[in-house]
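Taking it in order: structure first as structure tokens, then the write-up.
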Amino acid sequence: MQTERENEGDGEILQQYIALADFTANGGEELSISSGDKLLVHAKPSPDWWWAELSGVIGYVPANHLRQDAAQESEGDSSTEEDPWQDEEYFGSYGTLKLHLEMLSDKSRTEAYRQVILNNSASLRNKAVMDLGCGTGIISLFCARLAQPSAVYAVEASSMAEYTRQLVRQNGCEKVITVLQGRAEEIRLAEKVDVLVSEWMGNCLLFEYMLESVLMARDRWLREGGVMWPSSAALVLVPCQADSYYTEKMVFWESPYGLDFTPLQPLAQQEFFTKPKFSHLIELSDCLSAPCSVIHLDMHTLQVKDLEVGTKTFPMWR
Ligand code: J7C
């Protein structure tokens with residue numbers, strides 16, 4: 001991989017990475033970072049935690065919060081090492097069932113794709129479709145079962161593709177669906193497609209950064225006038241509180257089994273604020289401002305360079 005800087009003394013090779021997401025340090029040895037920060041990675045002592053430098057401060061950061069600086073990548077020799085987030089850790093995590101189970105169990109997500117395919121089955125007739133990042137192949141199977149496309153190219157980089165092939169056969173769709181195991185950036189098709197469908201949306205819409213692969217596939221493989229599903233995407237944010245959830249976490253340490261555990265409350269508080277809360281349902285009364293649409297993407301025209309989001313301010317209600 002590329003050399004960002006070499007320390008004259010020991011010849012240490014530093015690589016430049018960009019933070020994909022915020023991380024709050026938990027303890028003296030960790031380093032807080034914000035999405036978009038540029039860091040120099042000094043060492044990768046484990047696959048999960050790297051020793052990195054930000055503005056002269058050094059500490060451990062989670063490797064899965066970093067991606068290689070693309071500008072740096074294109075500058076020099078990129079052949080020697082692979083991006084660990086993109087390849088090993090990222091595609092590795094999609095080689096097991098955990099995330100696929102989570103996605104398939106998300107009924108509103110899966111049903112939305114099924115409904116779109118059903119509602120547009122007439123226009124899919126004799127059309128070529130690419131399902132990018134097909135996972136277990138659910139969207140490809142919907143296309144083959146609910147419409148009559150001429151071909152469905154189901155592209156999946158993780159090892160799940162081997163099972164997807166079996167699922168396609170098991171459901172009698174092998175004449176229509178071709179499973180291609182590989183990254184969207186590497187695959188070759190015999191034809192351009194009429195429809196590019198993908199379920200690429202991550203946490204806060206952009207996390208995982210799969211969108212870039214989708215745009216690349218669109219520009220390379222979607223024929224002129226072809227259709228993108230989804231055709232648009234938006235991220236709406238609203239500042240909120242989680243008072244009752246927070247109180248519940250703190251109260252636990254007041255007197256478990258009749259004993260005074262309050263010295264643990266500061267630690268509980270620190271831990272509470274260290275990690276984002278996933279899947280916590282908020283009430284309307286928890287909102288502290290009106291929702292604000294911070295990103296709105298037109299998938300037919302979007303360019304990677306449009307993805308810079310400026311600063312947003314939320315006038316608070318209280
Ligand atoms: N090429 C092929 N498959 C990909 C790519 C890519 N560039 N990027 C992600 N995937 C697959 C990944 O292995 C997983 O099965 C799915 O797409 C990610 C879906 N993630 C999501 N948040 N919806």
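When a ligand or atom number is given, it counts from 1 through the structure's own listing order. Count residues from 1 along the sequence.
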Problem set entry | Ala184 N/O under 3.5 Å from ligand 1 N/O |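 For ligand 1, there is an N or O atom that lies under 3.5 Å from one belonging to Ala184.
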Can [X] be said to sit on top of [Y]'s aromatic six-ring, NZ or CZ under 6.0 Å from centre and within 45° of the ring axis?
{"X": "Arg67", "Y": "Tyr209", "result": "yes"}
{"X": "Lys277", "Y": "Phe272", "result": "yes"}
{"X": "Lys44", "Y": "Trp50", "result": "yes"}

For this session: Say whether Tyr90 and ligand 1 are in contact under the criterion: heavy-atom distance to a ligand atom below 4.0 Å.
Result: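 A heavy atom of Tyr90 does come that close to ligand 1.
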Exercise. Does some non-hydrogen atom of Gly95 fall short of 4.0 Å from ligand 1?
Worked result: no
Exercise. Taking only heavy atoms of Glu199, which atoms of ligand 1 are found under 4.0 Å from at least one of them?
Worked result: 19 (C), 20 (N), 21 (C), 23 (N)
Exercise. Can you list the atoms of ligand 1 that are under 4.0 Å from a heavy atom of Glu185?
Worked result: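 In order of number, 7 (N).
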Seminar exercise, completed: Within the 4.0 Å heavy-atom cut-off, what Ser213 brings close to ligand 1 is side chain
For this session: Under 4.0 Å, heavy atoms only, figure out whether ligand 1 is touched by the backbone of Met210, its side chain, both or neither.
Result: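 It is the side chain that touches ligand 1; the backbone stays farther off.
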Exercise. Got a sec, which residues hit ring-ring contact (aromatic ring centres under 6.0 Å, His included) with Phe314, two or more places apart in sequence or on another chain?
Worked result: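 In terms of ring-ring contact (aromatic ring centres under 6.0 Å, His included), with neighbours along the sequence ignored, Phe314 is linked to no residue.
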Exercise. Do Gln170 and Tyr163 get their side chains close enough for a donor-acceptor pair, meaning under 3.5 Å?
Worked result: no
Exercise. Does atom CG of Leu284 have more than 12 heavy-atom neighbours from other groups under 6.0 Å away?
Worked result: no
Considering [options] one by one, which has a heavy atom nearer to [atom] than any of the others?
{"atom": "atom 3 (N) of ligand 1", "options": "Ser93, Ala157, Ser159", "answer": "Ala157"}
{"atom": "atom 22 (N) of ligand 1", "options": "His100, Met201, Glu156", "answer": "Met201"}
{"atom": "atom 20 (N) of ligand 1", "options": "Arg183, Glu208, Met216", "answer": "Glu208"}

For this session: Starting from the C-alpha separation in whole Å, work towards a yes-or-no answer on salt bridge (charged side-chain N to carboxylate O under 4.0 Å, His left out) for Arg165 and Glu162.
Result: CA-CA 5 Å; Arg165 237 172 241 134; Glu162 291 151 35; over 6 Å; no
